[in-house]
Amino acid sequence: MKIAVEGCSHGELDNIYASIAKAEEAGGFKTDLLLLCGDFQGIRNVGDLECIAVPPKYRSMGSFHRYYSGEKIAPVLTLVVGGNHEASNYMWELAHGGWLAPNIYFLGEAGAVDVNGVIIAGASGIYKSHDYTSGRHEQVPYSPSDIRSVYHTRIFDIWRLKLLANSRESASAGPSSRPDIVMSHDWPNTIEQHGDVHGLIKRKPFFKDEINTSTLGSPPLLELLKTLRPSYWFSAHLHVKFAALFKHGGQGTEVGPQGREGGAQAGPSNGGEASNPEAIDIDLDDSGEEDVDEEPKGANAAATDPTFQGASETRFLALSKCLPGHKFLQFFDMPSRQAEEVAGGSESVGGSSSKPQLCFVPRWLAILRATNHFLCLQKKQTPLPSVDDALLLKRIDEEEDWVRRELMAQGRNATLAVEPIQHFVRTAPSTSDPQGSMPGPPPWFTNPQTEALCHWLQMENKINAPPPMPPPHMMPPGFASQPGFDSPGGRQPQPLPGLSGAAVALHSSDERDAKRHKMEARGGGGGNEGPEQAENAGGDGGEPLRLDDEDEAGARWKEGTG
């Protein structure tokens, strides 16, 4: 299976797909799967711009809205994790995962899927210690503080992902559910120490203080790396290409500037002499001078041996943002457990001969069911049991048995394919709809994909269940009579199992005003950008920036750190 990995998207979907097409033409191969490592910026309409944490002068529609409206279709199956510059209101609609647009799937705040037998897990957001133990308390319309805290990683999500390491393996349960690949936006803390750290400081000198104090990256992601032991880990955020080799159970090996250690390649992306013309970095400057990287040596044991319980080493790769002159794209081959079955008995050179199949992971569905009552929507996350808690693991085992008995064995979805359960349906208006150009904070939307998944799993939708509808006089024109919007081409959305179309509910103006007054009372401003501190993600340890200082904040955001 040919996989492409890209760093920060920043709304540049058109250019990303064009770069892939250019690489395919040059290399004579076909891409099966694209992984996007955050800052996706899935902006559907003008209202979504109110929910993205960037300085106002950098707010841009990007190109995603064309894929959302149906004007364009993603040419390759695309998996997405969230970063710190997202239309967070849309991401939250699909916090358990779902289709952002046709052929573009969001893994959720935390999630795991199976693509042709390769298990891919994702963790969205970035780490901030003061919000790590918070619950998911943010609700639209976001306050000036909420618009930034909403994308901060939470202990609940990391805790859930760690539970994948305790998966069973038996004839009845199938192969281990440990991920082969993990995607994140943030870097695992201190991962730079396992690569060419001196070269990193030379290219990004403002990381030096954080590197010297071991504060660069996310400590929870380092814990997750050690727990899950995937073969590959891909990140973005810091707008630099960087490779490392993390050896489990021993000391890390520093990788030199050419990405070599003992004559072997340290990861799928390191610079140096190339032998595989299909592993190509494509920039958008059309200079014709393309960097070519060697394919990683040593097949992914976890992808070919179903008894393998975690890799002995994890190959880490971070990539930059999609801009001319930046190293933002990498291709590599991934052996698949189901290659012969999915491709009809053979797999073509340079990619599969059939469309890859996106499936749910039984163990992850069991974790969702077993832990849904721990999902906290208050300011402080309720205590969570240890990931080694015997009662918790027994409950997850029982839920996995239920998934296999009720959803696989007796149903018509033996492979747990995603599409029979979740179909893409537009909830918010697109830019092609009159309402799509209306400014101001967007309303609350209940996403039918989340409703369908929860209904299928027979668990409560705590994410965005339909709240009581406000009185008709509080509904904006055009919304009161519409349970959902038409799908592309004027067709109604396909019915979902046991559910009607997209339910749309709005916060009343009274609720919005009450929230604004509450913010003013605690000094948070009245909805305009005030004294809230801007993110200093991956910065140089200087004074926090303020969003009302547009020049300084804008320069920092543009330069640097995702």
Side-chain angles (χ1 to χ4, degrees), residues 1-5 31-36 76-81 94 96-99 103-108 110-123 160-161 163-183 228-234 300-311 333-343 347 351-352 354-369 396 399-404 407-409 411-422 449 453 456-457:
M1 184 164 63
K2 178 71 68 178
I3 300 177
V5 186
T31 304
D32 299 302
L33 177 66
L34 171 63
L35 309 180
L36 300 180
V76 59
L77 176 62
T78 303
L79 298 185
V80 177
V81 293
L94 298 168
H96 290 316
W99 299 103
N103 223 26
I104 302 175
Y105 194 86
F106 174 49
L107 289 179
V113 294
D114 180 312
V115 183
N116 286 10
V118 176
I119 296 177
I120 302 170
R160 270 181 160 177
L161 287 170
L163 290 169
L164 284 170
N166 291 312
S167 63
R168 294 179 298 172
E169 182 181 352
S170 64
S172 60
S176 168
S177 296
R178 281 178 179 265
D180 306 310
I181 297 172
V182 175
M183 302 165 58
L228 294 182
R229 297 174 57 181
S231 292
Y232 297 115
W233 188 299
F234 300 113
N300 178 8
T304 56
D305 181 0
T307 67
F308 193 78
Q309 290 293 314
D333 289 312
M334 185 78 173
S336 168
R337 295 190 191 98
Q338 298 176 355
E340 292 189 2
E341 176 183 348
V342 173
E347 194 168 24
S352 301
S354 64
K355 181 180 177 181
Q357 186 177 30
L358 181 67
C359 297
F360 295 110
V361 175
R363 188 69 174 183
W364 182 250
L365 296 180
I367 290 169
L368 292 181
R369 275 177 54 91
I396 295 173
E399 296 294 1
E400 186 174 1
D401 290 338
W402 180 89
V403 168
R404 295 181 181 278
L407 302 184
M408 296 178 69
R412 298 181 179 178
N413 194 4
T415 61
L416 295 181
V418 169
E419 285 190 308
I421 308 304
Q422 291 181 304
Q449 295 186 66
L453 181 62
W456 185 53
L457 293 178

Exercise. Do the rings of Trp99 and Tyr105 sit parallel, tilted or perpendicular, given the 30° and 60° boundaries?
Worked result: perpendicular
For this session: Take Leu416 and Val403 through the test side chain to side chain contact (heavy atoms under 4.5 Å, CB included) and record every step on the way to the result.
Result: CA-CA 9 Å; Leu416 295 181; Val403 168; 4.1 Å; yes
Problem set entry | Flag, side chain of Gln357 to backbone of Thr415, donor-acceptor distance under 3.5 Å | no
Seminar exercise, completed: Between Ala311 and Pro230 the two heavy atoms that sit nearest each other are CB-O, 3.8 Å
Exercise. Hey, mind stepping through Met334 and Leu33 against side chain to side chain contact (heavy atoms under 4.5 Å, CB included) and telling me if it holds?
Worked result: CA-CA 10 Å; Met334 185 78 173; Leu33 177 66; over 6 Å; no
Seminar exercise, completed: Between Ala123 and Leu161, the two heavy atoms sitting closest are CB-CD1, 3.8 Å
Exercise. Can you tell me how far the CZ atom of Phe360 sits from the CD1 atom of Ile421, to the nearest 0.5 Å?
Worked result: 6.5 Å
For this session: Check step by step if side chain to side chain contact (heavy atoms under 4.5 Å, CB included) holds for Ile120 and Met183.
Result: CA-CA 7 Å; Ile120 302 170; Met183 302 165 58; 3.9 Å; yes
Seminar exercise, completed: Interatomic distance, CD1@Ile104 vs CG@Leu34, rounded to 0.5 Å, equals 9.0 Å
Exercise. For Met408 and Pro362, which heavy atoms make the closest approach, and how far apart are they?
Worked result: SD-CG, 4.2 Å
For this session: With rounding to the nearest 0.5 Å, note down the distance linking NZ in Lys2 to OG1 in Thr31.
Result: 7.5 Å
Exercise. How many angstroms lie between atom CG of Leu368 and atom CD1 of Ile396, to the nearest 0.5 angstrom?
Worked result: 10.0 Å
For this session: Compare every heavy atom of Arg369 with every heavy atom of Glu399, then report the nearest pair and how far apart it is.
Result: OE1-NE, 2.7 Å
Problem set entry | Those residues that, when tested against Trp402, pass ring-ring contact (aromatic ring centres under 6.0 Å, His included) (two or more places apart) | none
Exercise. Got a second to check how far Asn166's CG is from Ser177's OG, nearest 0.5 Å?
Worked result: 11.0 Å
Exercise. Closest approach of Val80 and Phe106, non-hydrogen atoms and distance?
Worked result: O-CD1, 3.4 Å
Problem set entry | Test side chain to side chain contact (heavy atoms under 4.5 Å, CB included) applied to Ala112 - qualifying residues, sequence neighbours left out | Ala121, Leu164, Val361, Trp364
For this session: Please say which of Val5, Leu79, Leu35 ends up in a side-chain contact (heavy atoms from CB on, under 4.5 Å) with Ile181.
Result: Leu35
Seminar exercise, completed: Here the pair of heavy atoms bringing Arg178 nearest to Leu228 is NH1-O, 3.1 Å
For this session: Kindly indicate, with the supporting measurements, whether the criterion side chain to side chain contact (heavy atoms under 4.5 Å, CB included) is fulfilled by Tyr232 and Asp180.
Result: CA-CA 7 Å; Tyr232 297 115; Asp180 306 310; over 6 Å; no
For this session: Would you check if Leu457 and Leu407 make a side-chain contact, meaning some heavy-atom pair closer than 4.5 Å?
Result: yes
Exercise. For Arg363, what residues pass the side-chain hydrogen bond (donor to acceptor under 3.5 Å, both in side chains) criterion, not counting sequence neighbours?
Worked result: Asp397, Glu400
Exercise. Taking the side chain as C-beta and beyond, is there a heavy-atom pair between Leu77 and Lys355 under 4.5 Å?
Worked result: no
